[in-house]
Asker: 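Have a look at the structure that comes next, please.
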Amino acid sequence: MLKNKTVTFTQRVINAIKSVPRGKVATYGLIALAAGNPRGARQVAWTLHSVTEKEKLPWHRLINSQGKISLPKGGGYETQKELLIEEGVAFDRQDRIDLDRFLWKPRVHRR
DNA sequence: AACCTGACTTCGG
DNA sequence: TCCGAAGCCAGGT
C-alpha cells in the first residue's frame with residue numbers, strides 16, 4: 001500500500017472531508033488532525049479551494065473552531081448557512097453552530 | 001529558491 | 001465573550 005510518502009497532506013484532507021456525513025460539520029483543525037497534521041488547518045482551507053469543484057466536496061460542512069462560518073457575508077456565507085440548515089444543522093442567535101451536537105468526530109487512522 | 005497569501009487556531013488582555 | 005497578535009503549512013508567483 002502506499003509506502004509512498006509523497007501522498008500529500010492534501011490527498012488525506014480530501015479523503016477526510018468526503019467522510020463528513022450529511023447533517024454534520026467539521027472544523028478545519030479537525031480535518032487537519034484527521035489528515036495527520038494538527039497544524040495544517042490553514043492548509044485545509046486552502047486545499048478546499050483547489051479541489052472543491054473537482055472533487056465536489058461538501059465544503060459547506062467546514063467551519064472554524066468557534067463553530068462559525070468563516071466566509072464573509074456576500075462571499076458565500078449565506079449560501080453555506082442555507083445548505084447547513086437544509087441538512088438540519090441549527091444556528092443559535094449568534095450565528096454559531098452547536099458543536100456539541102453537530103460536530104463530526106473523524107476516526108483516526110489506526111494502525 | 002525566496003517571498004506572499006490564506007474559508008485557521010490558540011493564547012493573552 | 002470579544003479583539004488583536006503570533007504561529008504554522010503548502011501552493012502560487
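Chain A is the first sequence line, chain B the second, and so forth, proteins listed ahead of strands; every chain is numbered from 1.
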Asker: I need the minimum non-hydrogen distance between A/K68 and A/I63, along with the two atoms involved.
Answerer: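 The pair with the smallest heavy-atom distance is O-CB, 3.4 Å.
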Asker: Mind listing the side-chain donor-acceptor pairs of residues 30-47 of chain A below 3.5 Å, one per line with the distance, residues two or more places apart or on another chain?
Answerer:
from	atom 1	to	atom 2	distance (Å)
A/N37	OD1	A/R39	N	3.1
A/N37	OD1	A/G40	N	3.2
A/T47	OG1	A/Q43	O	2.7

Asker: Can you build the contact string for nucleotides 3-13 of chain B? Use B for base contact, S for sugar-phosphate-only contact, and - for no protein heavy atom under 4.0 Å.
Answerer: ---BBBSS---
Asker: Applying the side-chain contact (heavy atoms from CB on, under 4.5 Å) test to A/R101, which of A/I97, A/L99, A/D98 qualifies?
Answerer: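 The single option meeting the side-chain contact (heavy atoms from CB on, under 4.5 Å) with A/R101 is A/D98.
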Asker: May I ask you to check whether A/E87 and A/H60 show a side-chain donor-acceptor distance below 3.5 Å?
Answerer: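 There is such a pair between these side chains.
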Asker: Identify the heavy atoms of A/I17 and A/P58 that sit nearest to each other, and give their distance.
Answerer: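 Looking at all heavy atoms of both residues, the shortest contact is O-CG, 3.6 Å.
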Asker: Mapping A/T10 and A/K68 to their closest nucleotides on DNA chain C, which lands nearer the 5' end?
Answerer: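 Comparing both residues, the 5'-ward one is A/K68.
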